[in-house]
Amino acid sequence: MDAQAIEGDVGFVGLGTMGAPMAGHLLRALGPGRLHVTARRRDAAADLVASGAVWHATAREVAAASTTVVLMVPDLPQVRQLLEGPDGLLAGAGDDLLVIVSSTSSPRGVRDLDAELRSRTASAVRVVDAPVSGGEEGAQVGSLAIMVGGPEGDAARACATLAPCGRPEHLGPLGAGQVAKACNQMIVAATVTALGEASVLAERAGLDVARLLALLGTGYAGSRILDVKARRFAEHDHSPSGAAKFMVKDLGFATEEAARTGTGTPQLDVLRSVFADLTDAGLGEQDTAVVQAWIGQLARSTAVA
């Protein structure tokens, strides 16, 4: 990636499991001194700063030093916290600040946020939505699918900025990225649930789940989710990675957009119930593969009945 294709300096806030490696890719593309970071804990940015990122104590300072800021935080409430107040992004924004919301959020909420910020700043501060898919593995290797929504010029700028992190694709007007992510999550949730159910059934029927999933991966049942999660299902490893509880929020956004567009979603309704129920059962902090354990509990209670 040619750093010259990235316009101006870039800010990055949200240095968690996904954000830290994404920021690392940006730093390598930009070179020392052009990536500006802040975090609640300075040690979260220590490796980036040691490699040439510029540390700032507040989001305000990040905005003042940047023309584009990428936010990789859980949802819009956290985005708004970063924007507001004397130390917020808005307080430091100049006459041209593009805010890239890479959180998985409500399409309507992103549209509303952009309209509000444009009104308050005479369009000096604008929003592009760019949620990502590919998990921790994709973030680490820079192969994320990046779903971009926004006006042509701002979207092009966002795509250039995020290109070091994977494949950005401009999919339509503002909110289109979030609609795409909602569709992505529908497919991921359906696939993970099917794999969990199949693995419980196969194991109880006496099959070797690891061998079964390896074989199924060569046929029509093959998928990226199967490739990544097969070991987890075979070994019953549900240790935290992408927390299952976030599916409740993500699938809720899909339902919101389905209602707006008048789309029937019989499978989505079931998936929302599955992930809400397993979260209520105390399993939501674990990886989405924990659907296997939840289904296993259902099967046992049914057998006893």
Side-chain angles (χ1 to χ4, degrees), residues 6-16 18-20 22-27 29-30 33-45 48-49 52-132 146 148-151 153-162 164-165 168 174-175 177-178:
I6 301 178
E7 182 178 330
D9 282 17
V10 178
F12 203 108
V13 185
L15 302 175
M18 300 292 291
M22 289 175 66
H25 293 303
L26 281 173
L27 176 59
L30 288 163
R34 289 186 58 196
L35 181 72
H36 303 266
V37 298
T38 192
R40 284 177 298 194
R41 296 178 298 101
R42 183 163 182 163
D43 59 353
L48 291 166
V49 172
V54 181
W55 167 259
H56 296 279
T58 66
R60 175 178 182 164
E61 294 174 14
V62 170
S66 309
T67 57
T68 302
V69 177
V70 182
L71 303 182
M72 179 54 80
V73 294
D75 200 353
L76 291 181
Q78 291 77 26
V79 169
R80 287 188 174 276
Q81 288 173 8
L82 288 167
L83 286 166
E84 303 294 347
D87 289 328
L89 292 168
L90 290 177
D95 58 5
D96 178 23
L97 180 66
L98 184 65
V99 178
I100 301 176
V101 177
S102 285
S103 318
T104 299
S105 307
S106 160
R108 180 181 63 190
V110 168
R111 297 180 193 115
D112 290 347
L113 177 64
D114 178 66
E116 176 188 332
L117 295 184
R118 285 176 181 270
S119 175
R120 290 171 60 183
T121 66
S123 294
V125 179
R126 304 171 308 286
V127 171
V128 165
D129 58 312
V132 305
I146 306 170
V148 179
D154 286 343
R157 183 162 141 191
C159 286
T161 300
L162 294 173
C165 304
L174 194 69
Q178 300 298 345

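Any value given below was found using the heavy atoms of this structure, including those in side chains, with hydrogens, waters and symmetry copies removed. From a predicted model like this one, the values you see are computed outputs, not experimental measurements.
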**Complete:** In short, T104 meets P131 closest at the heavy-atom pair OG1-CB, 4.4 Å
**Complete:** Heavy-atom closest pair (G149 atom, V128 atom, distance to 0.1 Å) is O-CG1, 3.3 Å
**Message:** Please enumerate all residues that pass salt bridge (Lys or Arg N to Asp or Glu O under 4.0 Å) together with R120, with sequence neighbours excluded.
**Reply:** E84, E116
**Asked** Under 4.5 Å between any side-chain heavy atoms of S105 and D75, yes or no?
**Response** yes
**Item:** Nearest atoms (heavy-atom pairs only) where V125 meets A93
**Value:** CG2-CB, 3.7 Å
**Request:** Side-chain contact test, heavy atoms from C-beta onward, threshold under 4.5 Å: evaluate it for V54 versus D9 and give yes or no.
**Result:** no
**Asked** Between CG of L82 and CG of D87, what distance do you get to the nearest 0.5 Å?
**Response** 11.5 Å
**Request:** Take V132 and L162 through the side-chain contact (heavy atoms from CB on, under 4.5 Å) test and state the conclusion after the steps.
**Result:** CA-CA 10 Å; V132 305; L162 294 173; 6.0 Å; no
**Intermediate values then yes/no, side-chain contact (heavy atoms from CB on, under 4.5 Å), V37 and L27** = CA-CA 10 Å; V37 298; L27 176 59; over 6 Å; no
**Prompt:** Do E7 and L98 have side chains that get closer than 4.5 Å, going by heavy atoms?
**Reply:** no
**Nearest heavy atoms of L30 and G8, plus distance in Å** = CD2-O, 4.4 Å
**Prompt:** Heavy atoms, side chains only, cut-off 4.5 Å: are V79 and V127 in contact?
**Reply:** no
**Message:** Rounded to the nearest 0.5 Å, what separates atom CD1 in I100 from atom OG1 in T68?
**Reply:** 5.5 Å
**Asked** Step by step, would you call L83 with L113 a side-chain contact (heavy atoms from CB on, under 4.5 Å)?
**Response** CA-CA 11 Å; L83 286 166; L113 177 64; 3.9 Å; yes
**Message:** Return the CG to SG distance between D154 and C159, rounded to the nearest 0.5 Å.
**Reply:** 11.0 Å
**R126 side chain near D96 side chain, heavy-atom distance below 4.5 Å** = yes
**Item:** Separation between CZ of R157 and OG1 of T67, rounded to the nearest 0.5 Å
**Value:** 5.0 Å
**Message:** Using a 3.5 Å distance criterion without hydrogens, assess whether the side chain of T38 forms a donor-acceptor pair with backbone atoms of H56.
**Reply:** yes
**Message:** Could you check whether any side-chain heavy atom of V73 comes within less than 4.5 Å of a side-chain heavy atom of Q81, counting everything from C-beta outward?
**Reply:** no
**Asked** How long is the gap from CE on M22 to OG on S102, to the nearest 0.5 Å?
**Response** 4.5 Å
**Asked** Side chains of C165 and I146: closer than 4.5 Å at any heavy-atom pair?
**Response** yes
**Request:** Quick one: closest heavy-atom pair of G150 and D129, and the distance?
**Result:** N-OD1, 4.3 Å
**Prompt:** Atom CG of D112 and atom CG of L76: how far apart are they, to the nearest 0.5 Å?
**Reply:** 9.5 Å
**Prompt:** Given the rule in the side-chain contact (heavy atoms from CB on, under 4.5 Å) test, do V101 and D114 qualify, once you have shown the distances and angles that lead to the verdict?
**Reply:** CA-CA 10 Å; V101 177; D114 178 66; over 6 Å; no
**Request:** Could you tell me whether the side chain of V110 reaches within less than 4.5 Å of the side chain of L174, counting heavy atoms only?
**Result:** yes
**Prompt:** Is the CZ atom of R118 crowded by more than 12 outside heavy atoms at less than 6.0 Å?
**Reply:** yes
**Prompt:** Tell me, which pairs form a salt bridge (Lys or Arg N to Asp or Glu O under 4.0 Å) where one or both residues lie in residues 52-61, sequence neighbours left out?
**Reply:** none
**Complete:** Looking only at heavy atoms, the pair that brings V62 and F12 closest together is CG1-N, 4.4 Å
**Asked** So does D43 have more than 12 non-hydrogen atoms from other groups sitting under 6.0 Å from CG?
**Response** yes
